[in-house]
Amino acid sequence: MSAPHDIVLLPGDGIGPEVTAAARLVVDAAGVDVRWLPGQAGLEAAREAGNPLPEATVDAIRRHGLSMKGPTATPFGGSYRIEFEAAGDSSAPRSYPSVTVALRKELGLFVNVRPVRNYPGIPSRYRDVDLVIFRENSEDLYLGIERMRDADTAEATKIITRGATERVARFAADYMRRTQRKRVSIIHKSNILKLTDGLFLEAARAVLEQTPEIEVGQRVVDALCLDLVMQPHSYDCLLLPNLYGDIVSDLAAGLVGGLGVAPGANIGTDCAMFEAVHGTAPDIAGKDVANPTAMILSAVMMLRYLGEGDAAERIESALSTVLADQSSVTPDLGGTAGTRKMADAVVENLIRSR
Ligand code: NAD
């Protein structure tokens, strides 16, 4: 008998505990042998453990190589930072603008993969959208290097390196080869940010053009936004620097039914962390109305990463049935079911299809 998969489970804040519980329920019901290792991150962790990102959490993910994470809260504005100091590490403590950014950096999760596609029954402006977003995850304005130059002047530093750009482009090319994707557009604003975005465009293009079966294009980010809302079918894969990747992911989620249905994966050389695109949704937290679809689809991505393709297919198919039937979906999808009821309906379909 093979060993169980060890997965560090971070429920996170707001709706995080509700949607991660739903995803866990579904993965277990699919018969995948998982040992869930509870971990803490976020404001709940700060309250309970005195630290929004306990070192034990980062260590556990490094050791086991895998995490399923709920969203974690980051206060807007002000001077909130995560100070991370690893034991035995002689370098100065590192400081990050949010728990998620800290985890991505500490674990070397250099790419955020965000598939965007329609599912049956989900009300949306378009049908048959099928995009994959590759967001560079380690640099750009997300390094959070900001300062007040004087009392009335704030400054942020944008960093783009050839190494990080080539790394994410190589990942995108490899992913596209494996999944038989044919076209990628490099997204930038190099007409204005000539050095930073200019380097991103040039370095990414040089790598992607080494794969003859991939057609490589480019688009400035503002024109891309217009195209996506007018004609999303004209794109296949998008490769973006960190900040544009974040913004365009939410826009793209809006094309296929909203944040409740947009999954994601953060992948590095030795580790991976799976989380939905959405945040903690404080407006609906604790009410059992959060849509678990994005988290369940993130778990589906995680199972594929683990080589559990059969369980991933079965979960995706059971979820599609529930979405199409619409009698057990959450209010954002036009239904009246709660998070738990929707997860139970997916489980029932999984069991029925065995
Ligand atoms: P949000 O994604 O939490 O919410 C935006 C809107 O979408 C809200 O109206 C919310 O109710 C709705 N929504 C989100 N997820 C939903 C779901 N599963 N089902 C139904 N409706 C859903 O974005 P925000 O309000 O900008 O951010 C709230 C907090 O989340 C902030 O502290 C932010 O920093 C944090 N955040 C964390 C992550 C992460 O941990 N990866 C990502 C984004 C935002």
Side-chain angles (χ1 to χ4, degrees), residues 9-23 26 39-46 52-53 57 61 67-78 80-82 96-107 109 112-114 119 122-124 133 135 137 142 144 242-243 245-254 256-267 272-299 301 319 323 328-343 346:
L9 179 65
L10 305 179
D13 299 314
I15 61 170
E18 298 163 73
V19 293
T20 51
V26 170
Q40 283 187 315
L43 294 188
E44 275 302 309
L53 185 55
T57 297
I61 304 175
S67 173
M68 186 169 89
K69 174 185 173 292
T72 42
T74 302
F76 286 92
Y80 176 83
R81 308 270 311 170
I82 301 290
Y96 301 103
S98 81
V99 168
T100 306
V101 172
L103 276 166
R104 289 172 182 159
K105 283 294 284 179
E106 289 295 327
L107 298 168
L109 306 174
N112 194 190
V113 185
R114 294 176 159 180
Y119 281 89
I122 297 184
S124 65
I133 294 175
R135 167 190 176 195
N137 228 2
Y142 274 70
N242 210 337
L243 180 63
D246 193 25
I247 296 168
V248 168
S249 297
D250 275 31
L251 188 159
V256 297
L259 282 173
V261 299
N266 298 284
I267 299 185
M273 186 171 81
F274 293 80
E275 60 174 348
V277 172
H278 64 71
T280 59
D283 50 333
I284 56 169
K287 297 181 179 162
D288 191 35
V289 293
N291 184 348
T293 301
M295 200 65 236
I296 293 173
L297 289 173
S298 303
M301 292 178 80
L319 176 63
L323 291 169
S328 302
V329 297
T330 45
D332 59 309
L333 300 181
T336 54
T339 312
R340 176 64 201 235
K341 182 168 177 219
M342 186 165 169
V346 177

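Order of listing sets the numbers, starting from 1, for every ligand and every atom in it. Here the structure is a predicted model, which means the values were calculated and not measured. Computation of the quantities below employed the complete heavy-atom set of this structure, encompassing side-chain atoms and omitting hydrogens, waters and symmetry-equivalent molecules.
When each atom of ligand 1 is checked for a heavy atom of T100 under 4.0 Å away, the hits are 39 (C), 40 (O), 41 (N). Every atom of ligand 1 with a heavy atom of L259 under 4.0 Å away is listed here by number and element: 2 (O), 5 (C), 7 (O). In summary, the atoms of ligand 1 found under 4.0 Å from a heavy atom of E275, numbered by their order in the structure, are 41 (N). The contact set between ligand 1 and P282, taken as ligand atoms under 4.0 Å from a residue heavy atom, comprises 28 (C). Less than 4.0 angstrom separates some heavy atom of T72 from each of these atoms of ligand 1: 35 (C), 36 (N), 37 (C), 39 (C), 40 (O).
Note on ligand 1: D283 sits in its first shell, one or more heavy atoms being nearer than 4.0 Å. In this structure, D250 does not count as a contact residue of ligand 1, since none of its heavy atoms falls inside 4.0 Å of the ligand. The shell of residues lying under 4.0 angstrom from ligand 1, judged by heavy atoms, excludes M295. A294 does not count as a contact of ligand 1, since none of its heavy atoms falls under 4.0 Å from the ligand.
Among all protein heavy atoms, the one lying closest to atom 44 (C) of ligand 1 is G279 CA, 3.3 Å. Distance from atom 19 (N) of ligand 1 to its nearest protein heavy atom, with residue and atom name: N291 N, 2.9 Å.
For the pair R135 and Y142, the cation-pi test (distance below 6.0 Å, angle within 45°) is passed.
Under 4.0 angstrom from ligand 1, there are no non-hydrogen atoms of T330. By the criterion of a heavy-atom distance under 4.0 Å, both the backbone and the side chain of T74 are placed next to ligand 1.
Taking 4.5 Å as the limit, every side-chain heavy atom of S298 sits out of range of all side-chain heavy atoms of M68. The shortest side-chain heavy-atom distance between I267 and L109 does not fall under the 4.5 Å cut-off.
The distance from atom CG of L10 to atom CD of E44, rounded to the nearest 0.5 Å, is 13.0 Å. From D246, atom CG reaches atom CG of N112 across 8.0 Å, with rounding to the nearest 0.5 Å. To the nearest 0.5 angstrom, T339 atom OG1 is 5.0 Å from E18 atom CD. How far CD of E275 is from OG1 of T100: 5.0 Å, rounded to the nearest 0.5 Å.
Using a 4.0 Å cut-off between a side-chain N of Lys or Arg and a carboxylate O of Asp or Glu, D250 and R114 do not qualify as a salt bridge.
Among residue pairs with one or both ends in residues 277-293, none qualify as salt bridge (charged side-chain N to carboxylate O under 4.0 Å, His left out); sequence neighbours excluded.
For atom 24 (P) of ligand 1, the nearest protein heavy atom lies 4.0 Å or farther away.
At least one N/O-N/O distance between A281 and ligand 1 falls below 3.5 Å.
For F274, the ring pair (Phe, Tyr, Trp, His ring centres under 6.0 Å) partners two or more places apart in sequence, or in a different chain, are Y305.
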